[in-house]
There are 2 protein chains.
Amino acid sequence: MAAAQRGRAPGGPGRARAVPRDKRPTIEMVAKRAGVSRQTVSNAANAPHRLRPETLQKVLGVIDELGYRPSKAARSLRTRSTQVIGCRLLPSNAGGTGGVLDRLLHALCDAARSKGYDVLTFSVASDDEEIEVCDDLLRRSAVDGFVLANTHYGDVRPEWLTAAGVHFVAFGRPWGDANPAHSWVDVDGAAGTSEAVHHLAGLGHSRIGCLALPEGSGTGDDRFHGWQRATAALGLPCSTLVGRAEDGIHSGKALAEKLLSLPEPPTALVCVSDALAVGAVRALEDRGLVAGRDVSVVGFDDSPVASVLRPRLSSVRQPIEAVAQNLVEVLLAEISGTQRRPSRCLLSPWVVARESSGPALAGATGRTTLVTLPTPDSYRKEQTR
Amino acid sequence: MAAAQRGRAPGGPGRARAVPRDKRPTIEMVAKRAGVSRQTVSNAANAPHRLRPETLQKVLGVIDELGYRPSKAARSLRTRSTQVIGCRLLPSNAGGTGGVLDRLLHALCDAARSKGYDVLTFSVASDDEEIEVCDDLLRRSAVDGFVLANTHYGDVRPEWLTAAGVHFVAFGRPWGDANPAHSWVDVDGAAGTSEAVHHLAGLGHSRIGCLALPEGSGTGDDRFHGWQRATAALGLPCSTLVGRAEDGIHSGKALAEKLLSLPEPPTALVCVSDALAVGAVRALEDRGLVAGRDVSVVGFDDSPVASVLRPRLSSVRQPIEAVAQNLVEVLLAEISGTQRRPSRCLLSPWVVARESSGPALAGATGRTTLVTLPTPDSYRKEQTR
DNA sequence: CTAGCCAATATGAACGATCAAGTCGCCCCC
DNA sequence: GGGGGCGACTTGATCGTTCATATTGGCTAG
């Protein structure tokens with residue numbers, strides 16, 4: 001259906017001929033020109049099997065010739081579906097998850113459009129304000145559903161949206177809600193930090209620290225647990241090498257300084273955000289150390305700054321394009337009513353190794369560990385689902 | 001009108017009560033409950049002056065009580081206007097103009113919403129594809145107009161859109177078209193680099209170089225001319241201190257290295273992009289020099305990386321919020337037909353001084369220049385229009 | 001030969017708003 | 001006292017689709 005309604009520009013390849021607004025063809029004009037009725041034209045697009053092949057041919061020919069596309073408003077009015085997805089535009093904090101949500105929006109638009117949907121964005125300052133805008137969009141029947149990003153503990157939005165009977169999918173797990181009534185897609189942060197630990201262990205590191213966020217942040221804790229799990233599984237003595245503070249470059253620097261001052265300092269740091277990682281690199285610089293040579297650092301999110309810094313920052317990259325694909329697929333399934341019970345989808349990120357992670361200095365820790373690593377390719381597959 | 005149609009959630013302050021889709025009130029329900037006709041309800045929202053104060057009061061009361069908002073589809077079908085603005089989502093190249101277009105989209109959504117409009121975004125890979133999507137959106141009557149970003153020489157989009165009779169406004173001047181038929185809003189890049197030169201001259205620099213893009217890029221040339229104009233006006237001997245190359249960190253580094261190897265090297269560099277500036281800083285580091293102490297560097301765009309780098313990068317910041325406001329205002333004026341002839345609007349950016357620009361070392365250049373500087377505030381005003 | 005059925009297409013109604021043209025009082029003025 | 005005008009509200013028509021229900025013609029079975 002989407003395919004039939006979203007043909008190329010009329011007249012085949014080459015730049016589309018511009019059509020002034022006052023002479024956009026309606027279904028009636030197509031019908032008259034093809035010598036059939038409205039409904040037959042409608043069927044040609046929405047239920048081609050109902051037409052005799054030759055009739056179908058003729059009608060499609062006229063549709064293409066005139067460049068007819070059904071009016072969104074009229075169709076929306078009749079069918080009570082807008083073919084539009086609403087999505088809050090998230091603030092792009094420079095150091096933090098900045099680039100991620102930007103990538104998400106791009107991928108979301110692509111995925112939606114390929115299914116015949118459009119994306120409507122809005123910018124708000126708080127969750128409460130988001131609810132207000134969603135409410136407005138729903139009352140005006142401007143969207144069919146929402147993509148919700150940045151879920152967190154105590155998030156009031158899912159509950160509200162559920163109560164409103166709106167279709168929506170969350171990017172992010174429903175932290176704190178063991179039995180959520182809605183669908184979600186998320187990235188397995190723990191798997192990411194775990195792979196980071198394995199990556200570093202594979203480079204010979206055994207004292208691998210972790211810069212995490214204060215307890216109580218969903219994604220932060222998740223990523224922290226991945227580090228915990230992996231170091232424990234590898235039998236690494238790292239339990240004291242943990243620093244926790246609010247996200248940010250300054251925190252990262254402060255935390256790293258503390259850990260580096262320990263009698264037995266870490267030789268590598270897994271950070272749950274790029275901002276923390278940048279701070280850690282700063283702390284190293286201050287001591288005349290070089291990230292990736294003296295101490296390795298791995299960030300999280302692979303934000304734009306990661307590849308710009310020097311040394312370039314190794315970071316855990318999220319499969320955002322796959323996330324967007326899944327978000328759209330799940331949301332549309334729910335809108336169409338195909339999907340009755342909430343679906344869950346957890347995708348794996350992978351480590352992008354750059355200069356900030358390098359081999360452990362021989363003898364620096366007085367001990368080497370042998371580890372078997374999963375091949376990076378096994379992780380990368382997730383992206384090209 | 002917009003105000004009347006976009007009231008708060010029903011029931012005054014506090015979180016809006018969710019309304020399931022199957023019982024969203026129509027104008028007819030409001031009419032019945034208020035004991036008036038459809039049209040009177042419509043008038044209450046669109047032409048309040050036509051109602052007797054007490055009737056108005058009563059109708060508005062019911063509207064608020066039921067949380068009625070006119071259906072977008074129905075209204076759009078009848079009035080032939082969608083109250084939606086289309087906008088291409090631009091690729092956010094990490095080092096370059098990345099953050100700028102992200103900020104623009106945020107500001108655009110805010111500005112549009114405050115006028116009762118929504119923003120529909122799409123992501124495409126080329127100008128031709130953009131035309132294709134615009135054509136599709138227009139044929140389906142999905143938008144009233146477009147905001148066009150990233151204009152450049154030989155841009156085919158304005159011509160196409162004009163031919164289509166579509167309302168649109170460009171962010172960016174119509175480079176190469178002396179007599180454009182469309183409206184635009186842009187930032188005065190030359191004024192930005194000029195202010196950067198004055199800023200540096202005020203710090204005592206007289207050998208101020210420029211890292212620019214190859215000739216032929218609209219914004220690049222514009223910014224370069226600002227440097228040219230300012231250094232000439234101040235009588236600074238800088239004409240040889242110019243490097244031009246494609247945008248990027250590597251180019252910036254290479255260009256800076258060349259200039260720093262001159263017999264009389266620059267003591268300060270004005271760069272037409274942050275990416276070039278980052279490259280320049282790298283070149284300095286390689287020579288053991290510190291930006292802002294030994295050689296000053298000023299970038300352009302104030303991208304997120306600027307404040308994350310060390311030393312933090314001085315950069316020319318664009319008044320994006322004001323740009324967005326103007327874009328929306330001009331576009332809506334054009335859609336409403338108020339504005340017949342194309343309007344033009346050029347806003348001034350300003351220098352955000354950080355650590356990468358500092359006083360010239362005494363005696364380093366053998367010559368000091370006295371300059372009167374415009375107060376930074378005069379520039380800053382532009383933002384809060 | 002005709003009722004019954006199916007495939008293919010056509011016709012009327014509805015979606016929910018606004019526009020254009022009513023209707024109904026009321027007051028003013030000649 | 002009646003026509004005219006105006007203010008306040010109502011009623012029919014319409015925007016461009018799709019849904020639900022005809023209509024048509026041909027073919028089959030009884």
Side-chain angles (χ1 to χ4, degrees), chain A residues 1 4-5 21-60 62-63 66-83 116 138-142 144, chain B residues 1 4-5 21-60 62-63 66-83 116 138-142 144:
Chain A
M1 157 172 163
Q5 307 244 347
R21 93 175 293 135
D22 54 348
K23 52 173 70 170
R24 285 182 207 147
T26 71
I27 200 173
E28 202 81 43
M29 302 180 195
V30 176
K32 191 188 296 185
R33 193 163 228 274
V36 295
S37 70
R38 283 175 325 219
Q39 188 59 33
T40 302
V41 177
S42 178
N43 285 336
N46 299 324
H49 62 276
R50 290 196 192 159
L51 301 198
R52 233 175 34 224
E54 56 192 74
T55 315
L56 179 59
Q57 204 65 25
K58 185 174 56 184
V59 175
L60 289 182
V62 175
I63 286 181
L66 298 184
Y68 166 76
R69 301 268 213 300
S71 147
K72 198 155 175 129
R75 155 184 282 231
S76 164
L77 179 59
R78 183 68 247 235
T79 65
R80 307 163 149 284
S81 97
T82 62
Q83 311 263 101
L138 289 170
R139 291 195 135 90
R140 295 188 356 230
S141 295
D144 288 342
Chain B
M1 155 174 167
Q5 307 243 346
R21 91 175 293 136
D22 53 348
K23 51 175 69 173
R24 282 183 209 145
T26 70
I27 200 172
E28 202 79 44
M29 303 181 195
V30 175
K32 193 187 295 182
R33 194 163 227 275
V36 296
S37 71
R38 286 173 323 216
Q39 187 60 31
T40 302
V41 177
S42 178
N43 285 336
N46 300 323
H49 61 274
R50 289 198 192 159
L51 302 198
R52 231 175 37 222
E54 55 193 75
T55 315
L56 179 60
Q57 205 65 24
K58 185 174 54 181
V59 175
L60 289 182
V62 176
I63 286 181
L66 299 184
Y68 165 76
R69 302 268 214 296
S71 147
K72 198 154 177 133
R75 155 185 283 232
S76 164
L77 179 58
R78 182 69 245 239
T79 63
R80 304 165 152 283
S81 97
T82 64
Q83 312 262 102
L138 289 171
R139 292 194 134 90
R140 295 187 354 226
S141 297
D144 289 342

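Hydrogens, waters and symmetry mates are skipped; everything else that's a heavy atom, side chains included, is used. Residue numbers begin at 1 in each chain, while the letters A, B, ... track the order of the sequences.
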Can you tell me if the side-chain N/O atoms of [X] get under 4.0 Å from OP1 or OP2 in [N]?
| X | N | value |
| --- | --- | --- |
| Ser37(B) | dC9(D) | no |
| Ser42(A) | dT18(D) | yes |
| Thr26(A) | dG16(D) | no |
| Arg75(B) | dT18(C) | yes |
| Thr40(A) | dA10(C) | yes |
| Arg38(A) | dT17(D) | no |
| Arg50(B) | dC9(D) | no |

Once you round it to whole Å, what is the distance between [atom2] of [N] and [atom1] of [X]?
| X | N | atom1 | atom2 | result |
| --- | --- | --- | --- | --- |
| Lys32(B) | dG16(C) | NZ | P | 13 Å |
| Asn43(B) | dT18(C) | CG | C1' | 9 Å |
| Leu56(B) | dC9(D) | CG | P | 9 Å |
| Arg24(B) | dC15(C) | CZ | P | 16 Å |
| Arg69(B) | dA17(C) | CZ | C1' | 16 Å |
| Lys58(B) | dC9(D) | NZ | C1' | 11 Å |
| Asn46(B) | dC9(D) | CG | C1' | 16 Å |
| Leu77(A) | dT17(D) | CG | P | 12 Å |

If every non-hydrogen atom of [X] is compared with every non-hydrogen atom of [Y], which pair is closest and at what distance?
| X | Y | answer |
| --- | --- | --- |
| Ser141(B) | Thr82(B) | O-CG2, 3.3 Å |
| Arg50(B) | Asn43(B) | NH1-OD1, 3.7 Å |
| Leu51(B) | Thr40(B) | CD1-O, 3.7 Å |
| Leu66(A) | Pro25(A) | O-CG, 3.5 Å |
| Arg24(B) | Met29(B) | O-CE, 4.0 Å |

Original post:
If you find the nucleotide of DNA chain D closest to Ala74(B) and the one closest to Val36(B), which residue's nucleotide is nearer the 5' end?
Top reply: Val36(B)

Subject >> Closest-nucleotide ordering on DNA chain D, the 5'-leading residue of Val41(A) and Arg52(B) >> reply: Arg52(B)

Original post:
Contact class for Ser76(A) (heavy atom, under 4.0 Å): base, sugar-phosphate, or nothing?
Top reply: nothing

Original post:
Which nucleotide, dT18(C), dG16(D), dA8(D), lies nearest any side-chain atom of Ile27(B)?
Top reply: dT18(C)

Original post:
Do other residues, nucleotides or ligands put more than 12 heavy atoms under 6.0 Å from the CZ atom of Arg33(A)?
Top reply: no

Original post:
Starting at the 5' end of DNA chain C, which residue's closest nucleotide do you reach first, Pro53(A) or Gln39(A)?
Top reply: Pro53(A)

**OP:** Determine whether any donor atom in the side chain of Arg78(A) lies under 3.5 Å from an acceptor atom in the base of dA14(C), or the reverse, and answer yes or no.
**Re:** yes

Original post:
Is a donor-acceptor contact shorter than 3.5 angstrom present between the side chain of Arg140(B) and the base of dG16(D)?
Top reply: no

